[in-house]
Amino acid sequence: MKTPSRILLVITAITLLGSMALFVRSEQSPEPLTGNWVVRTDNKDGTFRTTYLNLKQEGQKITGTIRVTQFFYRISESTGGPDGFTLTGSMMDGKNERKVQYEGKLVGDGLHISTRRRPQDNPTQMVAVRAPAGEGAMPARNPLPALHKVADNGLARTPPMGWNSWNKFASRVDDATVRTIADAMVSSGMRDAGYVYINIDDTWEAGRDAQGNIQTNKKFPDMKALADYVHSKGLKLGIYSSPGPNTCAGYEGSYGHEEQDARTYAAWGIDYLKYDWCGARNLYTDEEMQAVYQIMGDALLKQKRPIVYSLCQYGRQDVWKWGAEVGGNLWRTTGDIRDAWDSMTRIGFNQNDLAPYAKPGHWNDPDMLEIGNGAMSNDEYKTHMSLWAILAAPLLAGNDLRSMTPEILAILINKEVIAVDQDKLGKQGQRVWQAGEQEIWTRQLSGGAIAVALFNRANVEAKVTLRPGDLKLNSFRKARDLWSHQAVTWPSDGEYSVVIPSHGVMMLKLSK
Ligand code: GLA
C-alpha cells in the first residue's frame, strides 16, 4: 500500500537522481574550453616557465585569466570557440595597460595556442594541457603595513661597485660563471680598483620546500658554498628577488616569505639584494609600492648580516623621495638600459633633476654598466663611465670580465674617474651648460675640488669652448685630464677649448 510518506520518499529520490544526473552531465560535458590549462616550458635548470589559461566558455564567449611569468591578464575580448578562437588579455601595469593576444583551437585533449609579443613577430606555438583547478592561481593580496621609517643600515657610504650578471648573461648565469667572474675580478685588478660586489641577478631561484624555504635551481647547487668562495676572494655576493610571487623572468619571488627569505640570504652569506617590482604589480598598485618595499627593508634590517638593499622599480612613484625611508641604499631611476648609445644617453643625460636626492648611503641608480658588451665604441663607453661617475651612480659592470680587452679594462679601472664616482662628499653632479649636442656637467668633490665633464653627443667631432669665469670655475688653479692622466693648463680668465670626438668626453678634475 502506498502511504503518503512513501510517495514523498519516491518523489524525493527521483528529484535527487534527476539533479545528480544534471550535475554529472555538467561535470562531464561543460563547454569544451572551460577549465584550467597549462603550458610548461622547460627552463633547463629544473624549473619551468608556465602559462596558465583559466578559461570559462559560454557559447561563443570566453572569459577568465591568463597568467604567464610575472604577468596576469584578464580576458577582455574573445571571438570564436573550440575550433578556433582569439583571446585578448589586459592588465594594468601602473598607469599603463598591457595587452596580450592568443589564438588557438582545441585538438583532442590539447589546447593549441600561439601568441606574439608584437604584430610583426613570428608567433610562439604551444600546446596547453588540462591542469587541476586552482593550480597557478594568483595568491590573495596580503595586507600592507603602515608606513614608518626604516633605520639607515649604515652601508653604501659611497655608490656600490661590483658586477651584475644580467646585462651579459641574463638567464645563462650559473655557479661556474659566478666563480670564474669572481676570479677575473681579482686577477684583472678590478677588485683592487673598488669593484667588490658579485651580484647574481634573476633566474637562480627554484620553488620552495615544504617549510616554505626558497630553493636554488640546478644552476646553483650550493649558494652557501658559492658565497664562501666569493668571500674567500675578498669579494661580496649579491642576489636578486621580487616582492611579487614571481620575478620578471617568471621565477619564484619573495611574496609572503619576505622575512624567511631575508633569513635565508643572511644564512647563505648574501651581502646585497636587488628587489625587483615585476610580479608585485598584479597584487598592488604603484601607489602601494612604498609599503611593499618597506616589508623587505624591515626584514633585511632584522638580520645580523649587513645587506645592501637595492630597489628596482624603474623609477616609478618618484622613488628618490622615499627610497631611503624604506631602507633603500639605491634605487633604479629608469627602465632597463641596453648596450646602445641611444639607451645609455637617454638614461644618463636625463638624471639632472635627481641630484638633490643622492647622498651617502642612498643613491640614484641609472642602471648597470654596459661597458664592454660590444655594441658601443670605446669613446661611447668612456662617456658612459664618465657620466656615471659625475652622477655618483653605482658602478656595476655588466660585461664578461673573463674576456674583456685591455681597453675595456682600462675604462673600467680608471682610478681617477672612479675616485670621482666614489668621492666621499656624495654629491651628485649636474649639467651647467649646454649648446645643442655639447654639454658640460660638474660635480663638487671633497677638498674643494670639482669634476668637470665636457660631452659631445654629436655624430661628428666638435670643439667645446668653456669660459671658466662664466661657469664660476675661475678660482681653480690646477686641472688634470682624468682620461690621459696628465696636467692641463687651466686659464682662470679667458677660454679653455678642446676638440672632442663624436660621442666622446673630456673629463677634468679642477683643484685650487
Ligand atoms: C628587470 C630589471 C633588470 C633585470 C631583469 C631580470 O627587467 O630591471 O635589471 O633584473 O628584470 O629579470
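In listed order, ligands and their atoms are each counted from 1. Only this structure's heavy atoms are used, side chains among them; waters, hydrogens and symmetry mates stay out. Only a predicted model underlies this, so the values are computations on that prediction, with no experimental measurement involved.
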We want to know whether [X] and [Y] form a side-chain donor-acceptor pair, criterion being a heavy-atom distance below 3.5 angstrom.
X: Glu205; Y: Asn217; answer: no
X: Asn213; Y: His257; answer: no
X: Trp37; Y: Thr51; answer: no
X: Asp339; Y: Tyr381; answer: yes

N/O of [X] under 3.5 Å from N/O of ligand 1, yes or no?
X: Trp166; answer: no
X: Asp367; answer: no
X: Arg332; answer: yes

- Query: Any donor-acceptor pair under 3.5 Å linking the side chain of Ser165 with the backbone of Asp201?
  - Reply: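 Pair found, side chain donor or acceptor close to backbone of Asp201.
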Distance from [atom] to nearest protein heavy atom, with residue and atom:
atom: atom 8 (O) of ligand 1; result: Asp336 OD1, 2.5 Å
atom: atom 12 (O) of ligand 1; result: Asp202 OD2, 2.9 Å
atom: atom 9 (O) of ligand 1; result: Lys274 NZ, 2.8 Å
atom: atom 1 (C) of ligand 1; result: Asp276 OD2, 3.0 Å
atom: atom 4 (C) of ligand 1; result: Asp201 OD1, 3.4 Å

- Enumerated ligand 1 atoms positioned under 4.0 Å from heavy atoms of Ala249: 12 (O)
- Report the part of Cys278 (side chain from C-beta onward, or backbone N, CA, C, O) that has a heavy atom under 4.0 Å from ligand 1; answer both or neither where that applies.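 Near ligand 1, Cys278 shows nothing, with every heavy atom at 4.0 Å or more.
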- Task: Taking the six-membered ring for Trp and the full ring for Phe, Tyr or His, determine whether the centres of Tyr275 and Tyr240 are under 6.0 Å apart.
- Result: no
- Message: For the aromatic rings, using the six-membered ring if either is Trp, is the centroid distance between Trp204 and Trp268 under 6.0 Å?
- Response: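 For Trp204 and Trp268, the ring centres are under 6.0 Å apart.
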- Task: Compute the minimum heavy-atom distance from Thr247 to ligand 1 and say whether it is under 4.0 Å.
- Result: no
